[in-house]
There are 2 protein chains.
Amino acid sequence: MLTLYHHAFCPFSRAARIALAEYGLEAKLVEERLWEKRKEFLIVNPAGSLPVLIDRDAARPICGARAVIEFINETAGADPGARRLMPDDPYGRAEVRRLLDWFDLKFHADVSALLLKERIYKRFMRVEHGGGPPSAGAIRTGRENLRFHLHYISKLAERRNWLAGDQLTHADLAAAAHLSCIDYLGDVPWDDYEWARHWYARIKSRPSFRPILADSIPGMTPSRTYADLDF
Amino acid sequence: MLTLYHHAFCPFSRAARIALAEYGLEAKLVEERLWEKRKEFLIVNPAGSLPVLIDRDAARPICGARAVIEFINETAGADPGARRLMPDDPYGRAEVRRLLDWFDLKFHADVSALLLKERIYKRFMRVEHGGGPPSAGAIRTGRENLRFHLHYISKLAERRNWLAGDQLTHADLAAAAHLSCIDYLGDVPWDDYEWARHWYARIKSRPSFRPILADSIPGMTPSRTYADLDF
């Protein structure tokens, strides 16, 4: 049995959960609140990042979004006839990895790190961990940056079947994982980005996405569009 | 012939250059000053990040440190008998990728982004691009954080042959690439971290490292230790 250290509104953890489900793998989920810097967790992953996957060998944890994604693909995806979320040719894989950087570094820095911290994490963080009232400026910046990224996703979705090309890949999962967290908050202006919405509706309708859409934040109602497949 | 868009003091570019040399591949180097946000370059890589590798197909650039490293490994490293900078087993590769995150995300944010920007890039950036006098506070923070990382590298080097295990991997290249830039500035307190120094002396002595140590910054003399193999 696999174990995944995760947080319900951590986009990197969500991407790993969707990937596991796409490969037909079940994992026991263990919630980790990174900002508490729990000692036992830092022994497992000294970088203190999520997700962390424990496969058969508990002494060799798979730490970090990129390591987890490549590991799942190399192990579960290696079976003949298995679903693969990475293309077969190296140029195709390079395009997936370019987009993983795009979403996990750029989109995260521009948008999700700001909005998730200000609107979700700060509610649960103690003052000494950085909790407190949200910064209106940071939220405004995150929302403005989001438009640039929705425009880019629309451009990709307009000319490709999935974001990295013909097939569904980890790039779609990463993008959708980030957007799903923001969408809970109602911060995504879907109506202005038809192609992005069309792409997101398709990925959101997959069975692998269902457990994600069932997640909720105590005391915070999801947006109207969050779990609606025909938003 | 390969082409690599790079910058001499960009740690990600350096890691790619060392990797190419380890695989026995030659690439034409094209200098890119990211802060100028050159339009033609942003068409090649919209994320505006380095390095970018152009292989046979110029229409399919390999963008970003991670994509470049995995691509070189999958293509050049796939030949029978070829040197490989990734272990054969998936757990070993996960450990390399964990450390790539460590150096390219954490070390970069904690140390090299601060020191390189303040001490090198700002000298060449126009004011409208963020140039100007260095911030003493940012330099102090970068230097303090560096000690934590040298301690971690020492711990790894003490109990392993190379940072990720028995063999030389991309994790060593990434770590050494970051440190080599900082070392030019004379900011690395090697004497306090014997194991880290021992490990760095070995990687620095490799022929693949030689072109890196020949790079210099106009108007800025390298530290005494920079190119000295017996520092």
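Only this structure's heavy atoms are used, side chains among them; waters, hydrogens and symmetry mates stay out. Source: prediction; values computed, not measured.
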- Message: Can you tell me which of B:K106, B:E70, B:R66 forms the most heavy-atom pairs within a distance under 4.5 Å of chain A?
- Response: B:E70

- Tell me, yes or no, whether the heavy-atom count around A:R126 atom CZ, taken from other residues, nucleotides or ligands under 6.0 Å, exceeds 12. no

- Message: Is it the case that over 12 heavy atoms from other parts of the model lie below 6.0 angstrom from the CZ atom of B:R140?
- Response: no

- Minimum heavy-atom separation for A:P46 to B:W102, with atom names? C-CZ3, 3.6 Å

- Based on non-hydrogen pairs under 4.5 Å, which of B:L105, B:D57, B:V68, B:N45 is most in contact with chain A? B:D57

- Note on the structure: In short, ring-ring contact (aromatic ring centres under 6.0 Å, His included) pairs touching residues 40-70 of chain B with sequence neighbours left out are B:Y5-B:F41

- Task: Name the option with the most non-hydrogen atom pairs under 4.5 Å to chain A; the candidates are B:A65, B:G64, B:C63.
- Result: B:C63

- Query: Just wondering, more than 12 heavy atoms not from A:E26 lying within 6.0 Å of its CD?
  - Reply: no

- Note on the structure: Within residues 89-101 of chain A, the residues sitting under 4.5 Å from chain B by heavy atom, in sequence order, are A:D89, A:P90, A:Y91, A:G92, A:R93, A:A94, A:R97, A:R98, A:D101

- More than 12 heavy atoms from other groups under 6.0 Å of CD on A:E128: yes

